[in-house]
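Since we're looking at a predicted model, the values are computed, not measured. Reckoned from all heavy atoms, side chains included, excluding hydrogens, waters and symmetry mates.
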Amino acid sequence: MFFLIAKFKSGIPNTKNFVCNSSSIITIINLINKLDKKEKKKIAFVLYDGGNSGQYGLKMLESYAKQIKDKKFIFLDSIANGDDLVFFKPQGSDLNIADVHFHDGSIETQLSNYIMITSGHINEDNKILIKNAHSSKDNYLSDERLEKHTQSLRDVCRALMNEK
């Protein structure tokens, strides 16, 4: 009985967002394990919640905007949901990374120096569509895809760390 209480104390977990939410976190953890000591000192990770309920985590991060104005941010969403990654940067950004094709986009944020990485496909309205998002089919995470996207994220992080 104690096991059931402990397992469901916060409610029944949503099994319809495994890849959408968990894949980005797993990719970050995988990336951390692949960075050397020097790289780990140059990079920090912020995990925040509340994306669909008022952006509270993002607002907390933005409250430090003046102290972190020279930092670069990478937002990840549903990163292992598809075979190919899609990269966005704010309109007018001069950021260039070798072998990365950026689409113009925007996130409602005060932070201006960011990249958004997701996995899906872009429709005719230039909106990203995430396959199986919030459906019962959002429950399979491929090890091969996870490794591929971790390497891509590592390459992007290295390019940003070496940028002058």
Side-chain angles (χ1 to χ4, degrees), residues 17-52 55 57-58 61-62 64-65 67-135 137-164:
N17 63 5
F18 179 70
V19 177
C20 284
N21 290 337
S22 303
S23 67
S24 297
I25 295 169
I26 294 167
T27 302
I28 289 171
I29 293 168
N30 200 27
L31 173 64
I32 291 168
N33 289 323
K34 294 180 184 296
L35 295 173
D36 63 35
K37 283 184 178 183
K38 212 179 223 186
E39 291 171 322
K40 286 179 183 179
K41 290 182 180 185
K42 292 183 176 183
I43 193 167
F45 298 93
V46 178
L47 305 175
Y48 67 86
D49 196 9
N52 292 327
Q55 300 287 349
L58 181 57
L61 181 62
E62 289 173 336
Y64 294 97
Q67 295 96 311
I68 57 177
K69 67 181 176 185
D70 297 327
K71 305 298 180 200
K72 295 174 183 74
F73 294 87
I74 300 173
F75 293 96
L76 303 177
D77 186 33
S78 306
I79 196 166
N81 194 271
D83 289 328
D84 297 315
L85 294 178
V86 182
F87 297 83
F88 292 92
K89 65 180 180 179
Q91 292 178 340
S93 171
D94 60 353
L95 178 65
N96 287 306
I97 299 174
D99 301 321
V100 173
H101 171 73
F102 284 103
H103 299 274
D104 284 337
S106 64
I107 300 174
E108 293 183 30
T109 180
Q110 295 174 21
L111 304 171
S112 59
N113 207 2
Y114 67 83
I115 301 170
M116 172 68 177
I117 305 174
T118 187
S119 187
H121 101 241
I122 300 175
N123 70 8
E124 61 277 353
D125 297 325
N126 206 32
K127 301 221 184 234
I128 193 78
L129 299 175
I130 308 295
K131 183 179 174 184
N132 298 325
H134 306 291
S135 75
K137 294 180 182 176
D138 185 11
N139 61 5
Y140 174 71
L141 187 58
S142 159
D143 290 339
E144 293 82 22
R145 189 180 295 155
L146 184 68
E147 281 300 318
K148 175 184 171 187
H149 295 335
T150 298
Q151 184 60 46
S152 295
L153 183 57
R154 185 178 184 188
D155 293 345
V156 167
C157 288
R158 282 185 171 162
L160 292 174
M161 285 188 272
N162 294 326
E163 187 184 56
K164 299 291 179 200

Once rounded to the nearest 0.5 Å, what's the spacing between atom [atom1] of [X] and atom [atom2] of [Y]?
X	Y	atom1	atom2	value
Thr109	Leu58	OG1	CG	4.5 Å
Leu76	Met116	CG	CE	7.5 Å
Asn96	Phe102	CG	CZ	7.5 Å
Arg145	Leu85	CZ	CG	10.0 Å

Pick one: which of Ile32, Asn30, Ile28 meets side chain to side chain contact (heavy atoms under 4.5 Å, CB included) with Thr150? Asn30

Side chains of [X] and [Y] in contact at under 4.5 Å (non-hydrogen atoms):
X	Y	value
Asp155	Ile97	no
Ile74	Phe45	no
Ile26	Ile79	no
Val100	Ile115	no

Under 3.5 Å donor-acceptor, Ser93 side chain and Lys89 backbone: no

Tell me if a side-chain donor or acceptor on His149 pairs with a main-chain N or O of Ser119 at a distance below 3.5 Å. no

Within the supplied structure, the quantity of interest is the number of heavy atoms (other residues, nucleotides, ligands) at a distance under 6.0 Å from [X] [atom1]; does it exceed 12?
X	atom1	value
Tyr64	OH	no
Asp99	CG	no
Lys41	NZ	no

Lys148/Asp84 under salt bridge (charged side-chain N to carboxylate O under 4.0 Å, His left out): CA gap, chis, key distance, verdict: CA-CA 9 Å; Lys148 175 184 171 187; Asp84 297 315; 3.8 Å; yes

Assess the residue pair Val86 and Ile122 against the criterion (side chain to side chain contact (heavy atoms under 4.5 Å, CB included)); give the C-alpha distance rounded to whole Å, side-chain angles, the decisive distance to 0.1 Å, and a yes or no. CA-CA 8 Å; Val86 182; Ile122 300 175; 3.6 Å; yes

Which atom names give the shortest non-hydrogen contact between [X] and [Y], and what distance separates them?
X	Y	answer
Ser78	Thr118	CB-OG1, 4.2 Å
Ile130	Gly120	CD1-CA, 4.5 Å
Leu61	Phe73	CD2-CE2, 4.0 Å

Do the ring centers of Tyr114 and Phe75 come within less than 6.0 Å of each other? yes

Ion pair Glu147/Arg154, N-O distance below 4.0 Å: no

